[in-house]
Amino acid sequence: MSGAMSVTADFSQNVEDGSCVLRFSGNLTLLRVRKLSEQLQAVEADQLTVDLSDVERMDTVGAWLVHKLQRDRGARIVGATREQQVLIDHVAKADQPVQIQRERPRAMVRVVSQVGDWTNNFLRTMVGMLGFFGSMLISTGHIIRHPRRFRWNAVITGFEAVGVQALFIVGLMSFLVGIVIAQQGAVQLRQFGVEALTVNLVGRSAVKELGVLMTAIMVAGRSGSAFAAQLGSMKLNEEVDAMRTIGVSPMEALVIPRVLATVLMMPLLGFFAAMMALFGGGVFCWLSLDIPPVTFIDRLRDIIPMTDLYQTLIKAPTFGLIIAMAGCYQGMQVEGDAEQVGRRTTTAVVQGIFLVIVLDAFFAVFFTSVGWL
Amino acid sequence: MSGVSNPPVIAVRDLRNAFGEHIIHDGLDLEVRRGEIMGVVGGSGTGKSVLMRSIIGLQTPLAGEVEVFGEPMVGRDEEEAKHVRRRWGVLFQGGALFSTLTVAENVQVPIKEFYPGIDPELMNEIAAYKISMSGLAVDAGAKFPSELSGGMKKRAGIARALALDPELLFLDEPTAGLDPIGAAGFDQLILELRDALGLTVFLITHDLDTLYAICDRIAVLADKKVVAVGTIEELLALDHEWIQEYFRGPRGRAAAAHLGAEPKKEVDA
């Protein structure tokens, strides 16, 4: 073995008895064959004899090269040790038409089929979500008829994960957004000499739109993704299947508690976010515009109609439902490998936020038309 | 096949591993000789996989020495360790295939990594015969791991472990999850490769058939160390409770009878 590692594989070419003899020497291994393959291609002779008696070491790659000479050029092999012959036979047996690359369709076909796939996927997801919503309703019906079977513990855990643990980040974010709105608004309103209206801007936008929308986005990012990842990995681990065989409905045990927790936590978080945004705006108004807190609060009471709060309290649970449903639906769709968990989680967040914003637009039009200005 | 005078391929001395308070190995010694198939057995949680991970450098032991091909591996610089790494192949329990690559691409990863100059056509040929050699169907090369069954993933993992024609092969429960025909075929494959390539094999297994059929020696892990190393006959002669139960239990006897290597003395039922 020692010293043999540095021996490069090589061969010499002689003509003996009308046949071309390739005498290999050195190590016929992967490490040493880099050039050999091309050089062998260049050998032009009809009757080949391969002499392996000077070969010190041979691995399967070397055996493969010898086998190819035998297969393509009808070479005769001499001087192989028993081990080398075993190896060559082994490789010869493994010489099957193995498919290495996937057949790729042409570009035009691929584009068309991709568009088709997207459309198909989109429609399937919509129908699937609708079906998911339906089976959620059925499960809810079950739970109402058998309330004892319901897992309240899971809901309470959900309260903590979705609500309590999000308080700090939602609060901080809303506080900062409140400051930004007030600051940017003040700059614009100053040009018209109505800086005092900053209070209106902050007050109405925070309570009516921003509080609940920012909360929804944060909850989608925190909890929607977590739901998809949790259920997805449970699905991969066959936990969901195990549940079914034991007779536990995954809908009742996994999905409903998460959705319920989100639906119940969203209004609280949304309200909290609105208050924190007002707080942030108030701090800015006090420090920058010299509007004292008492005046700020007094003005808020004048300008914010009760319907703004009603809007938030109607929108928040709806958004919660959408986000939790998207998360759970995507999680339950996971099949195959771990990569899917990541992909489904991303989809859950994107879908959740997208649907929330579309729905928010509908709500805006609807509330305006019923006179909740 | 194995020369006793040769330095051992793997030498583990006084190895100590612990996870927090929980001590896995304490004063573990093991030597694997060139060209032998070393079976490693032990109850669940005795640290078989941890031992393998310590040897291949995925787990830094608290104390002790690990030498592979005579080179120390503990605390080794990654660049230097690379030269040793390309001389071994590892099959993980679940196959550990790269999920974004096809089976053929998986097999080519180590070749591309260590021998970037190889001509792509030869690389494809190498991948093809390795895949076929591991007993996969001809259409498996272009498939992604998620499209394979558990047993096929394992075979693809073997194909990848064999990609560099290693001198040393680490196998973590290779036959678990294979059907009996596939498992027997795999045992045969390991034997043939060992004979043809002079492979040294470090094999963790629970499969008694594999132990009887292909292992030259068996190391028994218990009480945080290797309590015994030897052939099955040698182990059977020892008066160790776990070893006796392992080889003379109903499954051990069945495997022995099946392979015509009946333990020399029967235990009263």
Side-chain angles (χ1 to χ4, degrees), chain A residues 1-2 4-5 27-41 56-65 67-68 71-72 80-104 236 238 334-343, chain B residues 1 6-7 34 69 86-87 97-100 102-105 107-108 110-111 114-148 153 159 162-167 189 192-193 195-199:
Chain A
M1 266 307 293
S2 59
M5 289 304 292
N27 282 356
L28 214 49
T29 60
L30 178 58
L31 186 60
R32 305 290 165 198
V33 298
R34 220 168 287 191
K35 293 274 166 336
L36 211 60
S37 183
E38 290 161 32
Q39 288 168 357
L40 284 173
Q41 296 271 322
E56 296 185 28
R57 232 181 121 236
M58 184 167 85
D59 66 3
T60 61
V61 178
W64 173 255
L65 291 180
H67 164 68
K68 269 211 309 187
R71 185 190 65 185
D72 302 337
T81 62
R82 197 188 66 81
E83 277 90 9
Q84 287 168 347
Q85 194 54 53
V86 167
L87 205 56
I88 294 169
D89 293 345
H90 216 86
V91 173
K93 207 171 69 185
D95 184 8
Q96 306 284 341
V98 173
Q99 197 185 341
I100 293 292
Q101 251 126 25
R102 245 161 221 261
E103 284 155 25
R104 285 171 69 86
L236 272 193
E238 293 181 315
V334 168
E335 260 163 18
D337 55 5
E339 199 198 348
Q340 277 231 356
V341 177
R343 214 165 37 225
Chain B
M1 194 67 217
N6 274 347
R34 183 170 298 279
F69 302 118
R86 77 166 152 212
R87 293 169 68 187
L97 297 170
F98 304 120
S99 56
T100 51
T102 63
V103 171
E105 286 167 338
V107 175
Q108 290 172 347
I111 308 178
F114 286 110
Y115 306 102
I118 298 257
D119 152 51
E121 200 183 320
L122 179 61
M123 190 122 72
N124 282 344
E125 287 172 7
I126 294 176
Y129 79 73
K130 300 270 175 187
I131 287 167
S132 162
M133 209 180 245
S134 316
L136 284 166
V138 288
D139 61 348
K143 283 186 177 164
F144 284 100
S146 57
E147 299 169 303
L148 302 178
K153 275 184 198 160
L162 291 174
L164 292 177
D165 270 309
E167 295 164 55
L189 173 72
E192 282 173 4
L193 287 172
D195 291 341
L197 287 170
L199 271 179

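What you see below is based on every heavy atom in this structure, not just the backbone, and it leaves out hydrogens, waters and symmetry mates. As the structure is a prediction and not an experimental result, all values here were calculated from the model.
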Heavy-atom cut-off 4.5 Å, strictly under: side chain, backbone, both or neither for B/L164 against chain A? both

Tell me, do A/V98 and B/Y129 make a side-chain contact under 4.5 Å, heavy atoms counted? no

Assess the side chains of A/Q101 and B/N124: does a donor N or O sit below 3.5 Å from an acceptor N or O? no

Hey, which of B/G135, B/S99, B/A128 has the most heavy atom pairs under 4.5 Å with chain A? B/A128

Top contributor to chain B interface from A/L65, A/D59, A/V91 [non-hydrogen pairs under 4.5 Å]: A/D59

Looking at B/A140, B/S132, B/G141, B/A137, which has the largest count of heavy-atom pairs under 4.5 Å with chain A? B/S132

B/R87/B/D165 salt bridge by N-O under 4.0 Å criterion: no

Can B/D139 and B/K143 be said to form a salt bridge (Lys or Arg N to Asp or Glu O under 4.0 Å), step by step? CA-CA 7 Å; B/D139 61 348; B/K143 283 186 177 164; 3.7 Å; yes

Spacing of CD belonging to A/Q340 relative to CD belonging to A/E335, to within rounding of 0.5 Å: 7.0 Å

Under 4.5 Å heavy-atom distance to chain A, tell me which part of B/E147 shows up: side chain, backbone, both or neither. side chain

